[in-house]
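A short worksheet on the structure shown next.
Heads up: numbering here begins at 1 and tracks the sequence. Fair warning: this is a prediction, and the values are worked out from it, not measured in the lab.
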Amino acid sequence: MKRDKEGGQMNIYRNLYVGESIKGKEKSILRKIKYRRPQLQAYVIVLSQKEGEQLEIYHAAMLLQPLYFEKEPWIVGIAASEWEAYELVRKIAEEVHEATKTLEMKKYIQERI
């Protein structure tokens with residue numbers, strides 16, 4: 001867990017999934033998100049906090065809202081576009097299915113946190 005300057009928390013999955021087009025830039029993007037600086041071309045994949053849901057995709061600008069930091073989201077992936085974020089979710093699903101023969105992505109990731 002990492003604390004931002006206003007006391008909220010941002011949790012980053014240690015095996016963060018990163019879109020091909022932003023590889024090498026993820027630390028910079030995450031730092032800007034942490035300190036609430038707008039990221040116009042970044043999407044995050046977070047573990048859903050909704051019952052029965054697994055993953056959610058948000059434009060990084062959504063994380064500028066204090067509500068999202070209060071919820072202490074787990075960021076498990078980062079991409080440059082919405083399409084790339086969906087591709088990462090597909091990649092996660094394939095990895096989970098190969099490892100567990102299920103599509104329980106949330107459970108799979110939570111067990112590795």
Side-chain angles (χ1 to χ4, degrees):
M1 283 184 226
K2 298 181 180 180
R3 286 216 175 268
D4 76 347
K5 66 182 178 182
E6 295 179 9
Q9 293 185 358
M10 182 173 77
N11 305 298
I12 302 169
Y13 183 50
R14 65 179 167 199
N15 298 317
L16 185 72
Y17 295 93
V18 180
E20 288 296 321
S21 65
I22 60 168
K23 285 210 189 254
K25 300 175 188 174
E26 62 271 16
K27 287 182 182 180
S28 172
I29 292 169
L30 289 169
R31 187 178 326 106
K32 289 175 184 174
I33 291 171
K34 176 181 173 184
Y35 291 106
R36 303 214 177 120
R37 292 194 176 86
Q39 290 299 291
L40 299 178
Q41 295 194 338
Y43 285 77
V44 294
I45 302 166
V46 300
L47 290 180
S48 180
Q49 295 182 358
K50 298 175 186 170
E51 186 68 34
E53 300 290 325
Q54 297 197 58
L55 303 174
E56 297 179 33
I57 297 172
Y58 294 116
H59 188 280
M62 295 291 289
L63 296 180
L64 294 173
Q65 299 177 25
L67 173 66
Y68 287 97
F69 271 87
E70 289 171 13
K71 291 182 178 182
E72 300 177 9
W74 271 95
I75 297 174
V76 300
I78 188 165
S81 67
E82 189 174 13
W83 178 86
E84 191 172 57
Y86 283 115
E87 283 297 307
L88 279 179
V89 170
R90 183 187 58 75
K91 178 181 174 182
I92 296 167
E94 288 174 354
E95 179 181 311
V96 170
H97 188 264
E98 186 175 309
T100 68
K101 302 301 181 224
T102 72
L103 288 176
E104 295 182 34
M105 296 176 283
K106 185 176 180 179
K107 180 180 175 185
Y108 178 83
I109 292 169
Q110 286 175 323
E111 289 172 352
R112 284 152 183 77
I113 290 176

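With rounding to the nearest 0.5 angstrom, the CH2 atom of W74 is 9.0 Å from the CD1 atom of I12. The OG atom of S21 sits 11.5 Å away from the CD atom of E87 when rounded to the nearest 0.5 Å. Put simply, CG on N15 and CD1 on I113 are 10.0 Å apart, with the number rounded to the nearest 0.5 Å. Distance check, rounded to the nearest 0.5 Å: OG of S28 to CD of Q39 gives 6.5 Å. Within the model, atoms NZ of K107 and OG1 of T100 stand 8.5 Å from one another, a figure rounded to the nearest 0.5 Å. A distance of 13.0 Å separates CD1 of I57 from CE of M62, quoted to the nearest 0.5 Å.
In terms of the side-chain hydrogen bond (donor to acceptor under 3.5 Å, both in side chains) criterion, Y13 has no residue partners (sequence neighbours excluded). For E26, the side-chain hydrogen bond (donor to acceptor under 3.5 Å, both in side chains) test picks out no residue, with sequence neighbours left out. Shown here are the side-chain hydrogen bond (donor to acceptor under 3.5 Å, both in side chains) partners of R112, two or more places apart in sequence or in another chain: there are none. In this structure, the side-chain contact (heavy atoms from CB on, under 4.5 Å) partners of K91, at least two apart in sequence or on a different chain, are L88. Legend: residues meeting ring-ring contact (aromatic ring centres under 6.0 Å, His included) with H59, ordered by chain and number and at least two apart, are Y43.
Nearest heavy-atom pair across G77 and L16 is N-CD1, 3.6 Å. Smallest separation of non-hydrogen atoms from I78 and I33: CD1-CD1, 4.4 Å.
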Derivation of the side chain to side chain contact (heavy atoms under 4.5 Å, CB included) call for L63 and I75: CA-CA 11 Å; L63 296 180; I75 297 174; 4.0 Å; yes

Y17 vs I92, side chain to side chain contact (heavy atoms under 4.5 Å, CB included): CA-CA, chis, key distance, verdict: CA-CA 8 Å; Y17 295 93; I92 296 167; 3.6 Å; yes

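Counting heavy-atom neighbours within 6.0 Å of E111 CD, excluding the residue itself, gives a total above 12.
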Identify each donor-acceptor pair in which a side-chain atom of residues 46-55 lies under 3.5 Å from a protein atom, sequence neighbours left out, and give them as a table.
{"residue": "S48", "atom": "OG", "partner": "K50", "partner atom": "N", "Å": "3.1"}
{"residue": "S48", "atom": "OG", "partner": "E56", "partner atom": "OE2", "Å": "2.6"}
{"residue": "Q49", "atom": "NE2", "partner": "K71", "partner atom": "O", "Å": "2.7"}
{"residue": "Q54", "atom": "OE1", "partner": "M105", "partner atom": "N", "Å": "2.6"}
{"residue": "Q54", "atom": "OE1", "partner": "K106", "partner atom": "N", "Å": "3.3"}
{"residue": "Q54", "atom": "NE2", "partner": "L103", "partner atom": "O", "Å": "3.1"}

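Connection of I109 to Y86 is established within a shared hydrophobic cluster, with ILVMFWY side chains joined at heavy-atom distances below 4.5 Å, either directly or through further cluster members.
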